[in-house]
Peer 1: 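The structure's right below; bear with me while I get my questions together.
Atoms within each ligand, like the ligands themselves, are counted from 1 in listed order. Note: hydrogens, waters and symmetry copies are ignored here, and every other heavy atom, side chains too, is used.
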Amino acid sequence: MNLGKVELHLHLDGTLDLETAFRLALERNIIDETWTMEQFKQKMTVPSDNPSLEECLKCFDFPIAIMQDKEALSECAYSTIRNLNDLGLIYAEIRFAPQVHMQKGLTQDEVIEAVLEGRNRAMKDFPEVKTNIICCCMTYGNAKINEEANMETVRAAKRFLGKGVVAVDLAGAEGLCPMLDFKPVFDLVKELGVPCTIHAGEAGPASFVKDAMDMGAWRIGHGGHCTQDPEVMREVIEKQMTLELCPTSNIQCHCQPSYEEHAIIELYKAGAKVTVNSDNMTLSGVTTHSEIEKLITRMGFTEADIRKLTENAIDAAFLSEEEKAELRAKL
Ligand SMILES: [Zn+2]
């Protein structure tokens, strides 16, 4: 299928190659020989029947435990990109939060270096898929508790800008504290001139999308809840703010009711610049193509619509105009 070539919203820890993760977990005594691949896979994927958000978040326990040293970070990045190449993608922006990989003493710079090392090896071996890295700041429900770590993520991203890192993000438990509590972090983002996307209006309200735009977001992670406030939705459309929607993930996390009632339908019809993404391929059991299949079979999108979504994704990619033109030529 010549559709679904670009991913703007993909978390590394939720998209690990299972065999690689299994091997790394065994080597690090996170699991022992009694574990089967099937058991391991179950712990890494969201249960199919109406899981709670807590159950969803538990699926990140193993990936985070595994990725605490340079080799693991590099191997995980490499094997994930290999899988994206197998899927036939031409471009992906992969995101992760350096600060959650410091449990064994790595600095944020060392974490980013290790991921870039794996990414650079993969780019050599699989030149058909171009990839870049987004560094996530985190929200744990109180912006003050990790404000310094978030500031360091922004400074580290700036140091690696142009070397494989293209932007910063804010990810984590949205909605537990006001979005504007993160303003100091995004003031620094602006001051350093780092491109940014912000998770907003996924679990949180429409007003968070407005706040994220006001704080300088170039794109919005998800943003589906902007439909709950006509004013915010109008601004999203007027500004042609790109929304990175992830249908299956949104439904699994109880942020959208169903495929048929997913906000991406209303937003697309109203002229919003929407894109379709996987969020977490392993955790959610999806691929770029399975998401597109849902858009076509259950959400009323045509192949022409999907092409438009891919064009939207290229327009909003954190790339130069020359690089975007190259991608368009490949479509
Ligand atoms: Zn996300």
Peer 1: Using 2.8 Å as a strict upper limit, say whether an N, O or S atom of His199 approaches the Zn ion (ligand 1) that closely.
Peer 2: yes

Peer 1: Considering just N/O/S atoms, say which atom of Asp279 is closest to the Zn ion (ligand 1).
Peer 2: OD1

Peer 1: Can you tell me if Glu19 has over 12 outside heavy atoms packed within less than 6.0 Å of its CD?
Peer 2: no

Peer 1: With a 6.0 Å cut-off on the ring centroids, do Phe126 and Tyr78 count as close?
Peer 2: yes

Peer 1: Is the distance between the ring centroids of Trp35 and Phe62 under 6.0 Å?
Peer 2: yes

Peer 1: Please say whether the positively charged group of Lys294, taken as NZ for Lys or CZ for Arg, lies over the ring of Tyr259, i.e. under 6.0 angstrom from the six-membered ring centre and within 45 degrees of the axis.
Peer 2: yes

Peer 1: Please find out if the Zn ion (ligand 1) and some N, O or S atom of His9 are separated by less than 2.8 Å.
Peer 2: yes

Peer 1: Distance check below 2.8 Å: does Glu202 bring an N, O or S atom to the Zn ion (ligand 1)?
Peer 2: no

